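In what follows, a single structure is set out as structure tokens and then discussed.
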Amino acid sequence: MNSPAKRATRVLFWDIDGTLLVTGRAGLIAWEEAYREQSGGQPFPPVRPDGLTDHQIAAWLLGHEDHTSTPGADLQAQAAAMVARYEAGLGPALPLRKGRVLEHVEAILASLPSLPFIHTSWLVTGNTRPGATAKLAHYGLDRFFRPADDPSAPLDGVFSERVEPRARIVERALAAVRRRWPDLHPDEALVIGDTPHDIEGAHAIGVPVLAVASNTHTIEDLQALKPWRAVPALPDADAFAARILARE
Ligand SMILES: [Mg+2]
């Protein structure tokens, strides 16, 4: 599927891991612990699929291999229990690994309120809200996704809430911004993400993607899925602003 045509960007939907920051795989510590507790000590699977939502990871650990479907209530409940264990372990795990905020991220996020054409900038992520909050707070980025006058408000965004295809998360985000800006067209939103799943999920609902090869996927891998643009890393704040205004 080719990229949707793009208009000037009004709404930004940010992926977290590999796009804004990397945690040094601290999340894996929390997943291993959650799996050990829930499985009664089974060995953790050696290969974890990349780019799954937190609930999809839990479902996969429970033996549900199909990431294109929304499973029934029993598996949802088991996955929710494992996700809750993961969330409880994530905060303590973050300081155990050396992660970092990726280059230009802070300057870009700080510049967005001064860009008059941007309505809003949200997290649209396969993390759960508690997981996202723990990661962004640990790396000092949470302030960019809360109202300036309410530092304890929940993070702005749409998060993983159940086992479902990733495109459903982008779909909920688009529906939420259109309740506030009813005239917003899907091609005035822009997903910024680092994995093929980010691209496929956005394209499924007509949202263009700025793909960033700043983590585990090469720019060639990402370009193969025909995002609107693929870049090796986020550019500086001025170049970013110019780029997101571009249309085609
Ligand atoms: Mg990512």
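In this text the structure is predicted, and so the values were computed from the model without any measurement. Note that ligands are numbered from 1 as they come in the structure, with each ligand's atoms numbered from 1 the same way.
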Checking distances from the Mg ion (ligand 1), one finds that the N, O or S atom of Asp15 closest to it is OD2
Given Leu190, which of Ile118, Val207, Val209, Ile244 fulfils the side-chain contact (heavy atoms from CB on, under 4.5 Å) condition?
Ile244
Looking at Asp194, the N/O/S atom that lies nearest to the Mg ion (ligand 1) is called OD1
Closest heavy-atom pair, Ala204 versus Ala167, reported as atoms and distance to 0.1 Å, is CB-CB, 4.0 Å
Would you name the N/O/S atom of Asp17 that lies closest to the Mg ion (ligand 1)?
O
Same cluster for Leu155 and Trp122 if Ile/Leu/Val/Met/Phe/Trp/Tyr side chains link at under 4.5 Å?
no
Quick check on the Mg ion (ligand 1): does Asp198 put an N/O/S atom closer than 2.8 Å to it?
no
Between Tyr35 and Phe44, how do the two ring planes meet: parallel, tilted or perpendicular, split at 30° and 60°?
perpendicular
